[in-house]
Each structure stands twice: as structure tokens, then as C-alpha cells.
Amino acid sequence: MPIRLYNTLTQKVEDFVPADGKTVRMYVCGPTVYNFAHIGNLRTFTFQDILRRWLRARQLDTLHVMNITDVDDKIIRSAVQRQISIGDYTRPFEDAFLEDMATLRFQRPEKLVRATEHIDEMVTLIQALTEKGMTYESDGSIYYRIAKFPEYGKLSHNDFSGMIAGARVDVDEYEKENARDFVLWKQKKDGEPSWDTPIGDGRPGWHIECSAMAMRYLGETLDIHAGGIDLTFPHHENEIAQSEAVTGKPFARFWIHAEHLIVEGQKMSKSLGNYYTLRDVIEMGYQAEAVRYLLASVPYRNKLNFTFDGLKAATTSIGRLRNFELRLKTDKFAAGTNEDAEKRSADSLARFEEAMDDDLNTASALGIVFEYIRETNTAMDSGAFLAGNTPAALQFLSRFDEVFDVLKPSAAESGLSDSEIDALAAERNAAKKARNFARADAIRAELLEMGIVLEDTKEGTRWKRKA
RNA sequence: GGCGCGGUAGCCAAGUGGUAAGGCCAGGGUCUGCAAAACCCUCAUUCGUCGGUUCGAUUCCGACCCGCGCCUCCA
């Protein structure tokens with residue numbers, strides 16, 4: 001059974017198989033590096049990471065291209081204000097974005113591409129559009145004439161046929177033939193960065209970079225083009241217009257859009273004071289894994305309500321997952337293999353994969369994992385889980401973590417090494433045996449102070465670093 | 001107005017024409033020198049409202065109410 005994904009173009013969940021059956025060529029709209037990424041941006045990128053990981057888990061190769069928009073109006077405005085080059089302005093934000101990606105454990109796309117390094121490709125594409133009669137010049141800038149592209153609106157399912165050229169012209173945009181026409185190439189303005197090219201001295205419009213770079217690295221028809229839902233219109237619609245007018249071929253087979261994130265039930269905005277970057281949240285003391293878990297746990301096509309209660313719940317949930325893993329690795333089980341337990345592992349794995357195949361239903365997949373954990377814990381307690389069952393259980397857990405990636409704790413906070421902790425734990429046990437509870441409790445308290453929790457189990461004492 | 005999404009327990013959330021997954025919280029219990037931690041159990045006769053179809057609807061149809069996104073830059 002292939003992976004099924006919702007395609008915005010057809011408004012249906014469809015079987016997904018890459019065109020060549022093997023390698024998924026996907027392009028994702030990356031960040032505009034004029035600021036730190038906020039958690040809303042990160043929700044979309046988390047979805048992209050989950051998608052990428054699941055495709056790979058399903059034995060597909062990925063050729064995954066992410067763009068970095070390093071030239072746009074906001075960047076230019078800010079750079080001009082600070083009297084530095086746009087490159088000097090964007091680099092720190094690009095670096096910060098890459099750090100955030102690493103913090104949230106995103107796998108690196110095969111290619112990260114910058115807009116400013118692909119001006120030639122954009123110019124070539126604009127020239128091709130001009131040859132096809134798709135463009136016109138006005139005030140030194142070049143515009144795309146949507147009246148010449150009858151399919152305009154097919155992605156966002158809008159009907160623009162009533163808006164024929166010249167029928168309605170916005171007063172503020174007098175230079176355009178049609179209010180929906182968009183700029184491909186902006187004429188140079190004094191004091192702003194520009195590129196002197198065969199189509200004039202100027203800079204690219206926003207949409208052209210994605211068409212140019214996607215086709216440069218992935219060919220004329222991509223398997224998947226993904227991004228935030230707000231990009232559906234006009235950005236992706238315009239990309240289709242630019243690309244398909246030249247190639248005559250579908251630009252992307254699947255268009256996949258992630259819903260937005262809201263914060264405590266409200267739209268995130270600076271004025272509401274609920275605008276957070278990853279750094280903000282980490283500084284408040286939350287773990288990156290909890291952020292990743294929360295962002296991944298709600299299926300990507302649903303709005304995600306980001307709350308601090310939710311972040312706490314995510315932290316606790318991760319703890320439960322890790323406890324299960326710890327138990328699996330440290331408990332001593334009797335020899336043998338229990339058939340029911342084996343069946344449970346196999347069935348749960350199959351159900352987990354089916355949930356992920358079903359348009360990345362992460363909520364359902366997590367439900368299956370937790371149900372499995374509860375049942376397996378019960379089996380462990382009753383002796384119905386044996387040493388021979390461990391490999392299959394670990395295999396299921398690793399399948400889960402292959403895509404969710406939350407089990408491994410971030411770098412340990414405690415200054416104590418594992419062996420030092422082991423030694424203290426042993427000393428406490430000795431004290432306990434000697435019924436010197438004062439000493440035993442003192443060691444316990446001391447360790448707790450440093451974030452080490454001791455667990456006394458039937459098997460003896462084990463410890464873990466507190467979440 | 002056009003296009004699109006959603007309303008399931010205190011919170012997050014899955015789901016199906018046959019009678020409600022899972023997580024968090026809360027309550028109870030097991031274990032323990034006491035604890036902690038861990039684990040187990042309990043926790044929606046009900047799925048926005050009103051009609052309809054059906055032997056049967058949360059799930060299908062219709063109407064309505066409420067919330068939200070896009071239509072200008074935006075993940």
C-alpha cells in the first residue's frame with residue numbers, strides 16, 4: 001500500500017508514488033531570512049521533516065530542495081536602514097535558522113539554495129516567458145500577464161475568468177494591466193541592491209525564484225511541492241503560472257500544504273504578545289524535543305493550537321516514551337519468547353505504519369504507540385513479556401523514533417558523568433542496606449538537586465536524568 | 001461576496017453507517033524504610049443545533065449557529 005497524501009490541486013487524498021518510482025523530487029518553500037523563525041514557521045518545517053522522514057522510512061530516496069529567500073522588500077528595507085549589504089543582513093538569520101533546524105532535529109534537505117545565487121536562472125525563465133508572450137513591461141518592470149494563462153486559479157480553486165485584462169484596475173496599481181498580474185522583475189531603485197542583466201538592471205519578484213530554482217534542480221515536473229497553507233495563493237498559483245506557461249507540463253504532481261499554528265487559541269502576532277521564536281520557548285525552560293513532539297503530534301492539515309499546557313503535556317508524554325524504552329533496555333526478563341507479545345509488536349508496527357501512510361496521521365500513529373506501551377507494560381508486569389520479545393519491541397520503538405525523533409535527550413545538563421552517578425547510587429544502596437536512611441536520603445536528595453532521579457524497582461535501582 | 005478549514009470529555013486529539021483511539025490533567029491502587037519515580041485502574045450513553053434518510057448516524061443529506069484562514073506581504 002503506497003503512502004497517501006492530500007493534494008491541494010485535486011482536493012483529494014491520492015496514492016503517492018514518485019514519477020520514477022524511486023526518488024522523490026520535492027521542493028519546499030523555506031524561510032525568508034529577515035528575522036528569526038517563529039514557531040508557526042517551525043510547524044510547517046516540522047511537517048516537512050516528518051514527510052521527508054516518512055518517505056525515507058518507506059524506502060524512497062529523497063531529492064529535497066529547500067530555498068532560502070535572501071532578497072525581498074523587507075530584507076532590503078532593513079539592510080538599507082542599517083546601511084549594510086543584504087548579505088550581511090541575512091547571514092546571521094540564515095545561520096540562526098540552520099541552528100533552529102538542528103535544534104528541532106530536522107534532517108537537512110539534500111540541497112539548500114539561495115535566491116541571490118540563482119539570478120541567472122530567473123532571468124532565463126523570464127526571457128522564456130517573454131518569448132511566449134506572457135509578459136509585458138511597465139515603468140521598467142516586467143509583469144506576468146495572467147490573462148494569457150487560462151488555468152490561473154486552478155490550485156487555489158479560484159475563478160478569475162471574470163477578471164479579464166483591463167476590466168478592473170486598482171488605482172494603486174495603475175501600472176498593471178490587471179490587478180492580479182504580478183511582478184517578475186522589478187526595476188532598480190536608487191540605493192537598493194540590483195543585478196544588471198539582459199532584461200534590465202533590477203531585482204527579481206518574489207515568485208520567480210521558486211520556479212527557477214525548483215526546475216533547475218528537480219526538472220520541469222516535481223513530485224512534491226510543499227509549504228504553508230497561506231502560500232497556496234498567490235505564491236504557488238503564480239509559480240504554476242510561471243513554470244507551466246514555459247514548459248507546458250505540470251509543475252508539480254502533488255501540492256501539499258500545512259495548516260497554520262495558532263497560540264492559545266489566537267492568531268500569533270506581535271501585537272498580541274504571543275509571538276514566539278524557538279529561542280524564546282527554549283529560554284522559558286522547555287525542551288526542544290517537547291516542541292518537536294507538540295508540533296508533530298497534530299496532523300499537518302489541522303490547525304495546531306500551541307499552548308504552554310500542550311508543551312507540558314508533550315514533555316510528560318515524551319517521559320513516558322523514554323521510561324518505556326529504559327525499561328525495555330534495563331529490566332531483566334525471563335528467557336523465552338511469548339507469542340502474544342510478538343504478535344502485539346508486529347501488529348502495532350503494522351498499524352503504526354498504516355496510520356503514517358494515511359496522509360501522515362501522526363495523532364493516530366501516536367495513539368497506537370501509547371496503546372502498545374500500556375499493553376506491553378502490563379505484559380511485563382505479569383511475566384508475559386520475555387527476553388526474546390525485546391528485539392521486536394525495540395524495533396517498533398525505533399521505527400517510531402525514526403520519524404518522531406524524540407527519545408534521545410538533548411545534551412545532559414548535569415555535570416556528573418554516568419559513572420559518577422552509578423557510584424553515588426551504589427553508595428546509597430549500601431547505606432540503605434546498612435539502614436542508614438539519613439545518608440541514603442541525603443544522596444538521593446543531592447542527586448535530585450542535580451536533575452538525577454533514582455528509581456527503586458524490583459530489579460534494583462536505576463536512574464535517569466530528569467526531563 | 002468568492003475559495004477553503006474546523007466545532008468530539010477540563011485541555012490536546014483520532015475515528016467509523018452498528019453504537020466513541022490515544023496523550024495531558026484529576027481520582028484510586030501496586031511497589032517502597034519513608035518517599036520519589038515507575039506502572040496499573042477509573043474518568044464522554046455522548047460527538048455545535050435542528051430536521052431528514054436508515055433497522056441503526058458522531059459518521060450520509062439539508063438548514064442553521066459558532067470559530068478560523070486565504071482572497072495584499074505572510075509558514
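Atoms considered below: every heavy atom in the structure, side chains included; atoms not considered: hydrogens, waters and symmetry mates. Each chain gets a letter, A, B and so on, in the order the sequences are listed, and its residues count up from 1.
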Expressed in whole Å, how much space separates the [atom1] atoms belonging to [N] and [M]?
N	M	atom1	answer
B:U42	B:C47	P	23 Å
B:C3	B:U72	P	16 Å
B:U59	B:G48	P	8 Å
B:G62	B:A26	C1'	41 Å
B:A9	B:G22	C1'	13 Å
B:C40	B:C65	P	47 Å
B:A20	B:C34	C1'	42 Å
B:U16	B:A57	C1'	10 Å

In the structure shown, which nucleotide is the Watson-Crick or G-U wobble counterpart of [N], with both distances under 3.5 Å?
N	value
B:G4	B:C68
B:A9	none
B:U46	none
B:U54	none
B:C25	none
B:G33	none

Ignoring the backbone of A:R444, work out which of B:C40, B:A14, B:G33 is nearest its side chain.
B:G33

Less than 4.0 angstrom between a side-chain N/O of A:N323 and OP1 or OP2 of B:A38, yes or no?
yes

Give a yes/no answer on whether the side chain of A:N302 brings an N or O atom under 4.0 Å of OP1 or OP2 in B:A14.
yes

Round to the nearest Å and state the distance from [X] atom [atom1] to [N] atom [atom2].
X	N	atom1	atom2	value
A:F385	B:C40	CZ	P	14 Å
A:L294	B:C11	CG	C1'	12 Å
A:K329	B:A38	NZ	P	18 Å
A:R428	B:A36	CZ	P	13 Å
A:H236	B:G4	NE2	C1'	16 Å
A:N305	B:G67	CG	C1'	12 Å
A:F324	B:C40	CZ	C1'	15 Å
A:L360	B:A14	CG	P	14 Å

On RNA chain B, nearest-nucleotide positions of A:K432 versus A:P299: which is more 5'?
A:P299

Along RNA chain B (nearest heavy atom to each residue), the more 5'-positioned of A:L448 and A:D381
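By nearest-heavy-atom nucleotide position, the 5'-most residue is A:L448.
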
Among [options], whose side-chain contact (heavy atoms from CB on, under 4.5 Å) with [X] holds?
X	options	answer
A:E192	A:I86, A:I76, A:V71, A:D73	A:I76
A:F251	A:L9, A:L155, A:L222	A:L222
A:Y6	A:E14, A:K12, A:Q11	A:Q11
A:M122	A:Q242, A:R203, A:E209	A:E209

Just checking [X] against [Y], ring centres under 6.0 Å apart?
X	Y	value
A:F333	A:F385	yes
A:F233	A:H257	no
A:H225	A:F254	no
A:F400	A:F324	no
A:F93	A:Y34	no
A:Y286	A:Y276	no

Look at all strands and tell whether A:S156 reaches a base, only sugar-phosphate, or nothing, counting heavy atoms closer than 4.0 Å.
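Sugar-phosphate contact only - A:S156 comes under 4.0 Å of backbone atoms but never of a base.
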
Under the 3.5 Å rule, do the base of B:G33 and the side chain of A:D441 count as making a donor-acceptor pair?
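For A:D441, whose side chain was compared with the base of B:G33, there is a donor-acceptor pair (under 3.5 Å).
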
Counting distance alone, no hydrogens or angles: does the base of B:A38 have a donor or acceptor under 3.5 Å from a partner atom on the side chain of A:N377?
no

Knowing that exactly one of A:F306, A:F97, A:Y275, A:F45 qualifies, which makes a ring pair (Phe, Tyr, Trp, His ring centres under 6.0 Å) with A:H38?
A:Y275

With the sugar-phosphate defined as primed atoms, P, OP1 and OP2, and the base as all remaining atoms, what B/S/- string results for nucleotides 69-75 of chain B, 5' to 3', for protein heavy atoms under 4.0 Å?
SSSSSSB

Which nucleotides of nucleotides 23-30 of chain B have their base under 4.0 Å from a protein heavy atom (B), which only their sugar-phosphate (S), and which neither (-), written as one string 5' to 3'?
SSS-----

Taking only Lys NZ, Arg NE, NH1 and NH2, and the carboxylate oxygens of Asp or Glu, determine whether A:R444 and A:D441 approach each other closer than 4.0 Å.
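Result for this pair is yes, salt bridge flagged.
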
